[in-house]
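Just below is one structure, and these are the notes that go with it.
Just so you know, these numbers use all the heavy atoms, side chains as well, and skip hydrogens, waters and symmetry mates. So you know, we letter chains A, B, ... as the sequences are listed, proteins then strands, and number each from 1.
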Amino acid sequence: MIARALRLALPPLLLGILSLGLWEIAVKALHIKPFVLPAPSTIWAQFVKHFDNIVKGAVGTGRNALIGVLVGAALAILLAIFASLVRVVADMSAPIVAAASVVPIVALAPVLYTMFGADKQTGRWLVAAVSVYVPVYLNTLKGLRRAQPIHRDLFRANAASGWQVTRHLTLPGALPYVATGIKIGTALAVINALIAEYFGGPVGGLGKSITSSAASSNYPLAWAYVLGAVLLGMFAYLIGAAIERLASPRGAG
Amino acid sequence: MTTTSSDSAATAVSVRGLRRVFPVRGRPDVVALDGIDLDVAPGEFVSLIGPSGCGKSTLMRLVADLDDPTTGTIAVFGKTPRRARLDHDFGVAFQQSALLPWRTVSRNIALPLELAKVDSGEVKRRIGELLDMVGLSQFGDHYPDQLSGGMQQRVAIARSLAERPKLLLMDEPFGALDEMTRERMQTELARIAGESGAAVILVTHSIPEAAFLSDRVVVMSPRPGRIVDVVDVGLGDQKERTEDLREASGFFEAVKRIREALHGVEGAAPKAAEQR
Ligand SMILES: Nc1ncnc2c1ncn2[C@@H]1O[C@H](COP(=O)(O)OP(=O)(O)OP(=O)(O)O)[C@@H](O)[C@H]1O
Ligand SMILES: [Mg+2]
């Protein structure tokens with residue numbers, strides 16, 4: 001187990017260390033200015049020095065993303081169930097939601113700040129929620145349609161009601177798809193919650209800190225916040241992957 | 001088409017003048033079944049055999065109310081198939097085991113009981129009985145993908161028996177199994193059918209299987225799907241159908257008669273087509 005994990009993790013780890021080393025040497029040897037590209041060691045020093053603020057920022061942005069995931073996913077699952085029970089709704093809504101997925105939701109952030117007030121997090125929650133809603137809704141709908149005809153026959157032969165079919169067949173069968181939707185949506189929610197901060201709103205998130213450090217020409221600090229954002233994104237990805245793992249057929253139902 | 005209700009109440013299944021036509025776009029309609037008359041007595045074991053496409057599955061689905069006849073009537077214990085289905089009067093098993101992969105063996109077997117809202121204490125007791133009956137007591141907590149194909153099929157059969165139905169509808173339940181497993185399953189099914197006293201309609205492609213298990217074998221022909229012969233096997237009570245029977249001369253005799261009836265079908269098929 002451990003040997004296998006090591007063998008899998010070692011090559012990318014080595015590559016990462018190698019590129020960081022090259023980056024460091026290049027910055028030093030070519031005298032690259034910090035506003036163009038700071039050296040990894042400089043960024044790391046800033047990261048350690050401002051660690052508390054970076055964690056605070058990550059928690060702020062992460063909380064917005066989490067609220068978006070909870071609200072967006074819950075709404076998406078409920079509405080997808082409703083849509084699958086009322087066929088017309090599914091047929092009408094799926095193309096619209098799919099079309100909505102190519103709209104850069106985050107572009108709405110400035111509008112939302114004016115709508116809900118620039119000192120409120122509401123706009124960011126909404127951006128995160130919508131970005132989760134789209135993949136969860138579409139994947140859930142796909143999963144709900146996945147039930148095999150032979151299973152439907154089995155339930156019908158046993159006089160199952162419409163709700164029993166949903167509860168015991170289509171929903172558990174759709175669970176892996178729902179989880180995949182949540183995994184995709186979680187990553188999007190973090191990215192969009194972060195970028196939404198670029199367009200205004202209250203201070204306190206990683207995105208806001210990146211823009212304000214850059215605005216005050218403190219580039220190494222801006223990069224340190226970017227590193228924080230990368231770590232937050234990786235954390236979100238791991239959570240999404242864990243959810244997907246839990247919902248694999250055997251764990252479902 | 002007009003059978004008195006007292007007639008059909010005394011039978012497990014009563015089929016009269018049944019016809020099922022599937023419209024196919026851009027081509028002539030498919031007459032899957034035509035002029036089917038069939039009675040199955042309570043506790044009787046009847047097999048349906050015939051070439052692929054002769055409408056065996058269609059007939060099964062019509063009895064189970066999974067499809068509607070074009071014309072003709074079906075009575076299941078004197079009721080409409082729909083009523084019988086809603087009353088949980090029959091159990092079904094298909095060629096694929098159709099187990100739910102996210103449920104354990106026990107919970108798969110419990111499904112019909114849960115759907116019928118049987119209380120949980122009774123469900124638990126019944127699961128124990130059924131696991132014993134199909135010899136899977138050690139596997140209640142396993143998931144279907146941890147079982148062999150034969151074991152999965154046994155789970156499906158246990159599930160079809162969950163509500164102690166007086167009628168079992170089985171569409172090639174052993175079709176996907178190897179010969180050895182298949183014979184063992186047949187012996188088990190004979191025992192289970194004998195013990196439960198249920199009437200069974202079994203679709204099969206195997207002549208020995210039909211001979212071993214059935215009281216009567218219904219031989220069908222395709223295009224249009226018709227009953228061309230009914231072979232009375234009569235090898236005795238279900239409980240006497242043990243491994244020894246496979247060596248008995250009566251068994252070989254039955255195999256021969258079913259084979260002859262089936263070969264008659266293949267000879268007759270082109271003639272039937274000409275007549276149309
Ligand atoms: N839903 C359907 N739509 C159109 N045609 C159908 C449909 N179901 C069955 N048929 C046709 O009806 C005929 C009988 O089909 P059926 O499945 O009952 O045959 P079968 O005897 O069970 O065959 P097999 O032994 O291969 O399972 C076939 O010609 C088939 O193509
Ligand atoms: Mg068939």
Side-chain angles (χ1 to χ4, degrees), chain A residues 1 73 76-78 80-81 84-85 87 136 139-183 240-253, chain B residues 57 60-68 76 81-105 107-118 141-146 155-156 159-163 165 167-173 176:
Chain A
M1 257 313 258
I77 293 168
L78 286 178
I81 292 173
S84 77
L85 291 176
R87 185 77 203 219
V136 174
N139 272 285
T140 305
L141 210 55
K142 190 162 102 187
L144 289 171
R145 288 188 174 167
R146 215 59 186 190
Q148 295 169 29
I150 194 165
H151 283 147
R152 292 198 176 278
D153 282 351
L154 174 75
F155 275 73
R156 185 178 155 86
N158 283 289
S161 67
W163 169 244
Q164 284 179 324
V165 173
T166 305
R167 165 76 185 75
H168 294 293
L169 176 62
T170 40
L171 265 191
L175 217 59
Y177 293 84
V178 179
T180 300
I182 291 178
K183 187 181 89 169
I243 291 175
E244 195 174 38
R245 184 79 173 257
L246 272 177
S248 68
R250 233 193 247 172
Chain B
S57 297
M60 206 66 144
R61 293 175 57 79
L62 288 167
V63 174
D65 190 38
L66 298 174
D67 187 17
D68 297 310
V76 180
R82 182 179 149 76
R83 190 67 254 160
R85 175 172 67 80
L86 295 177
D87 288 350
H88 299 257
D89 280 343
F90 54 81
V92 293
F94 310 102
Q95 179 169 7
Q96 295 98 24
S97 59
L99 301 178
L100 301 175
W102 54 83
R103 282 182 173 237
T104 60
V105 165
R107 296 205 55 232
N108 264 291
I109 293 178
L111 182 74
L113 301 170
E114 284 180 30
L115 294 177
K117 304 201 172 78
V118 174
D141 294 330
H142 284 57
Y143 283 90
D145 65 357
Q146 296 172 303
V155 177
R159 179 179 60 193
S160 70
L161 293 165
E163 295 185 88
L167 174 64
L168 271 179
L169 302 174
M170 312 181 96
D171 193 347
E172 298 187 53

Heavy atoms of A:Ala80 and A:Leu144 approach each other most closely as O-CD1, 3.6 Å
Taken to the nearest 0.5 Å, the spacing of A:Lys183 NZ from A:Glu244 CD works out to 4.0 Å
Closest approach of A:Thr170 to A:Ala147 (non-hydrogen atoms, all atoms of both residues)
CG2-CB, 3.9 Å
Sort by residue number and list every member of residues 148-161 of chain A having a non-hydrogen atom under 4.5 Å from chain B.
A:Ile150, A:His151, A:Asp153, A:Leu154, A:Phe155, A:Arg156, A:Ala157, A:Asn158, A:Ala159, A:Ala160
For B:Ala162 against B:Pro112, the heavy-atom pair lying closest together:
CB-CG, 4.1 Å
Residues in side chain to side chain contact (heavy atoms under 4.5 Å, CB included) with B:Ala93, at least two apart?
B:Ser160, B:Met170
B:Arg159 versus B:Ala98, closest heavy-atom pair with distance:
NH1-O, 2.9 Å
Part of B:Gln95 lying under 4.5 Å from any heavy atom of chain A
neither
Looking only at heavy atoms and a cut-off of under 4.5 Å, which of B:Thr104, B:Leu169, B:Leu99, B:Asp87 has the most pairs with chain A?
B:Leu99
Any idea which heavy atoms bring A:Pro172 and A:Thr166 closest together, and the distance?
CD-O, 3.9 Å
